[in-house]
Each structure stands twice: as structure tokens, then as C-alpha cells.
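Shown next, in C-alpha cells, is the structure this report addresses.
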Amino acid sequence: MVEAMASDRPTDARPWWQGAVIYQIYPRSFADANGDGIGDLRGIIDRLDHLRGTDASLGVDAIWLSPIFPSPLHDFGYDISDYTDVAPEFGSLADLDALITACHDRGLRLLLDLVPNHTSIEHAWFVESRSSRSNPRRDWYSWADPAPDGGPPNNWRCAFGPPAWTFDETTGQYYLHSFYPEQPDLNYRNPAVADAMHEVMRFWFRRGIDGFRVDAVAHVLKDPLLRDNPPYRRETWMPGFGMRMNQDPLWNMDRPEVHEVVRGLRRVADEFEGRVLIGEIYTPVERLAGYLGEDRADEFQLAFDFELLNTPWDWRLFMLAIERAEALHPPGAWPTYALSNHDNPRTATRYGRERARVAAFLLLMLRGVPVLYQGEEIGMVDAAPSAAGDRAGRDAQRTPMQWDGSSSGGFTAGRPWLPLVDQERVNVAAQAGDSGSLLSLYRRLLQVRAVTPALRCGTHRSVFELAEGVLGWIREAEGDRVLVLCNLTDEPRALDPAPLRRFGTPDRGEVLVATSDRAGHAELRTLVLERLEGVALSA
Ligand code: GLC
Ligand code: CA
């Protein structure tokens, strides 16, 4: 058994995750060590140099693995049939222990994915639950009688659009599922369910993992009266993934009772030292705020703010997402941002390859915890839906990591489970030695973040009206000030010096990092940003 990592800086009161950079690994697609075409834990161990520990590494602080547990793969691992084992295609518990040790040896933390809302239909708990109405585990899931017309008990829809209820012949009742029918929702009104999930957490914490990303947690409790959801009127909830319900999920998402479940998870995390829980909650930031901060110190330490990810390329909307995050995260809370993940089109696909550089710059210079999705650092793009097979509509962004330009991309010695996309051109090996590559830019950004307290943990103040299409902000910590400038337009932009004067910035600043080859000192009063240029200066 391995202990979690001790704090890097014992004298520093800040928890390790504040300002950390997290890297999301989609294990099926990261690296395949045994040639079966499917990524695995040994493959991850073999590739840790990419992430941390050498001069050529990205330098991330933690990795989060999407689910590695046994699963019949109806939702690619998010339907778990055994919470305390490793799926055979990924390896064994011994491999996981080896991965934990290998991570900790290089100062890298490891987070797993906790899926508390639902199990697989094949999980032993559900097999028992559906077997008869009197089974002791019946109440571990949400069962309800048909409506008088024989239809579903109410109008709730699952996150993918269809009804959230499936009829089960054996016992003549419907069971509830917030996602696919193969993912029945657990019933957290039964305290035994929370107890069981807490034991799952302890199992992994004792092995030494540093935390969990907590999946779909806004769904864990629903209205006990099963009231119908009102029709969809406005974007009360987040657009994008999960919002295909075509109704306001008023009664089956983000209910007040969810907070009690979160507090229970947090109590377990706090039984151990230095462990973090990151909530996945698809809600606008004003609702997200209810799970975070000093007043909610017993809930999540972090929770994804997906507003940035949902922002189309429009500088005003970026500004709005950033301002909303800064204004609405309560005191003590620390935003968590991603620009892509396994559920959403990739950044370079949504925004175009050219914009990927300044998008990376923006993400990594903001106050918060950036979560990078594997492949983002080399500008991987989505597969064409037909090429990817498109099982769940999300395969396109889950294609294998491209390590080199060979036909299997260095991902596998066999046949990759999903096709590669333009790997001759987009791969780690090609970008590693090229100082002008996107990968080199990510490395520089991470490096500067790591050694600059203002960027890693400083405050944020936006500087408005610098120029049309230019976002600017000041990060400040320990007397150290950094001015961050992003030109999101396709044209050069001269800055208006007036707003900078109001912030008392000096006339000249030293360039700390830029998306361009700008270096040395810059005259702030006469600065002209290149198209799609990001520059961070000491100021
Ligand atoms: C989360 C996951 C997604 C999954 C869903 C159900 O949103 O990120 O991939 O389908 O939860 O577990
Ligand atoms: Ca494999």
C-alpha cells in the first residue's frame, strides 16, 4: 500500500491542487503496452516522461484517469460493473499500484474517476435489485410503478434525450437512469448506498490515489414525488452535452439534497490527507458556486466551470465567461476550467488549429485549475464521425494519442481500436524538438506558471477596453504582478494605454511567455499585438 504524496512545500499553507495543472487521460486511447490496440495502465507508465519528471516533460501536476474499472462498455467505462477492480484490458490492481508509485516518484498526483450516480446494468447490485420486488437490494435503485396508461412514471428525460425510465418485465416496474438504460441510477435515499460508495472511495484512497473527479454528481438525488419537469424555456442549465433533454431538469438535477451526498463524499476524502474531489456538474456558475468556497468548505474543493468550454470563438463571450467565473465563484473557491474533454469536440476542431495557440495561452494564464485533455497539447483534431464509427457520438474526440508519425502513431504495436487522425503531421515526436510547435508552447506556459507565483496562485483583475478583441488581465501574488494580454482577432491590435495607466502598470514589461517569438522587454504604451497573439509580461 502506498501513501499519497506529501506536500511539495510543507511550509506553504496552500493545498497542492490550488493552481495545479491537471491532465486528463482517456486510458483506452493513451498508450498500449501489450499490442492489443487498446490503451492500458502499463502504457501510461511507459509514457509518464511526457507528463512530468524530465526537462522535456509538459510539467503537469496531476493526472486524472477516466474510468479504468470493469465495464460492459455501454458508455465506455462510465457504466461500472465492479468498482474495486481494474478492467482486464487495462491491466490489474498491481499495475495500478505500480502506476501510483511511478507517478509519486516523479511528483505527479493521480486522480481516478468516481461514478457515484449509476452502476452498470451488469453490476451485482443491480442484478439483485431487478430480480424481485422483495430483494434486499431492491431499494438500492429507483424503481417506480408505471403511469396509469402503462407508460413511464413521469416525463423525465435522460441526458442523451430519450426517456429516463426503462420498463423491466420481471417485476413490472420502471427503473430510473439519467444516462443510458444500461446505467441504472443508484438511490441515495437509502443510506446503505452512500455507505457502499464511501467504501469504494476508501479502497482507492488506501491504495494511495490523490483524489477523484466525481462524475455526473448533480444527478444523484431527484424529487421523491417524481414531479414532471417543466418544458424547456431558456438555457437555465448548460447547453451542449447533457442538454438534449428538451426540458428544464428542475426535479431531477442539482436538487438541494445533492449537497448532502457531496458532503458525505467529502467526509470520506477528509479521512485521508491531501485528497481532492473535483465535481463534474453541468450547471451555470451561479449554481456551481453552491458547491464551493469557504461557506461550502465541506463540499467540493474544485468543480468544473464548463462555461468556458461552451464558449464559441467570440472575444466578448470569452470575457463574459471569465467575468462570470471571477464574480460568481465565492470567496475561497478556485475555478476549474477545461477547453476540451472526452465528451466534447476537441479545441483545435471547434476553434481551428490556428487559434489553438492563443486558446492554450488563455486557459493556462487564467486564475484557476486548468484541466488539459490528452492530445490537446499537440493540437489533435476530431475524427470524421464516419471514420470513428461514432458509437456514442463521442468517439471522434477519443481517438488514440499520436506519439509519432508512424501508421499506428506509436500508440500501439497492433491495430488501434479507433483510427488515428493525420498522425504523420500531428504527433508528439515531431513537435518535441520544434520550439515553434504547440507542444513547445504548452511546455513553456506550464514552466512559467510553475515558477511565477502570480500566475500559479495570484488574484485576477480584468483590464477592459484595451482594444476590440483583446482580453487583458492582471495576476498578482506576493508583490509579483503579471499582465496577460490575448488578441483573439485575426488582425494586429494596438493597445489603448489609458486602461493600463489606470492600473499603474510600468511603461516597460519583461515578456515572460508569449504565443509568438516575442521576448525581452516590451514598451507597454505602444504595444501592438500580432493576430492571435498572447503575451504575458511582468508589470
Ligand atoms: C459524464 C461523463 C460522460 C458519461 C456520463 C455518464 O458526463 O463525462 O462521459 O457519459 O457522465 O457517466
Ligand atoms: Ca493494451
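Computed from heavy atoms alone, side chains included, the values below leave out hydrogens, waters and symmetry copies. Remember, it's 1-based here, ligands and their atoms both numbered in the order they're listed. Just so we're clear, the structure is a prediction, and the values are computed from it rather than from any experiment.
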Name all pairs fulfilling the salt bridge (charged side-chain N to carboxylate O under 4.0 Å, His left out) condition that reach into residues 189-202, sequence neighbours left out, sorted by first residue then second.
Arg189-Glu257, Glu199-Arg202, Arg202-Glu271
So the atoms of ligand 1 within less than 4.0 Å of a heavy atom of Arg394 turn out to be 3 (C), 4 (C), 9 (O), 10 (O)
Please identify each residue that fulfils side-chain contact (heavy atoms from CB on, under 4.5 Å) with Glu299, with sequence neighbours left out.
His259, Val262, Arg263, Tyr291, Arg296
For the residue pair Phe160 and Phe179, categorise the inter-ring angle as parallel (less than 30°), tilted (30 to 60°) or perpendicular (more than 60°).
perpendicular
Could you tell me if any non-hydrogen atom of Arg213 lies under 4.0 Å from any atom of ligand 1?
yes
Check ion pair Arg130-Asp168 (N to O, under 4.0 angstrom):
yes
Strictly distance-based, threshold 3.5 Å: is any side-chain N or O of Arg346 a donor or acceptor partner for the main-chain N or O of Leu339?
no
Using the six-membered ring wherever Trp is involved, compare the ring planes of Phe304 and Phe306 and label them parallel, tilted or perpendicular (cut-offs 30° and 60°).
parallel
For ligand 1, which atoms have a heavy atom of Phe179 less than 4.0 angstrom away?
5 (C), 6 (C)
Per-atom contacts, ligand 1 versus His342 - under 4.0 Å to a heavy atom:
2 (C), 3 (C), 8 (O), 9 (O)
Atoms of ligand 1 close to Asp75 [distance to a heavy atom under 4.0 angstrom, numbered from 1]:
4 (C), 5 (C), 6 (C), 10 (O), 12 (O)
Considering only NZ, NE, NH1 and NH2 on the basic side and carboxylate oxygens on the acidic side, decide whether Arg425 and Asp422 come within less than 4.0 Å.
yes
To the nearest 0.5 Å, what is the distance between CH2 (Trp204) and CZ (Phe212)?
8.0 Å
For Glu286, is there an ion pair with Arg324 - N to carboxylate O distance below 4.0 angstrom?
yes
Of the choices Asp215, Val217, Asn344, Ile281, which has the non-hydrogen atom that lies closest to atom 2 (C) of ligand 1?
Asp215
Which of the protein's N, O or S atoms come within less than 3.0 Å of the Ca ion (ligand 2), not counting waters?
Asp32 OD1, Asn34 OD1, Asp36 OD1, Ile38 O, Asp40 OD2
Examine ligand 1 and decide if any of its atoms is less than 4.0 Å from a heavy atom belonging to Arg398.
yes
Residues that Pro163 engages under side-chain contact (heavy atoms from CB on, under 4.5 Å), provided they are two or more places apart:
Arg157
If you count the atoms of ligand 1 from 1 in the order shown, which ones are under 4.0 Å from a heavy atom of His118?
6 (C), 12 (O)
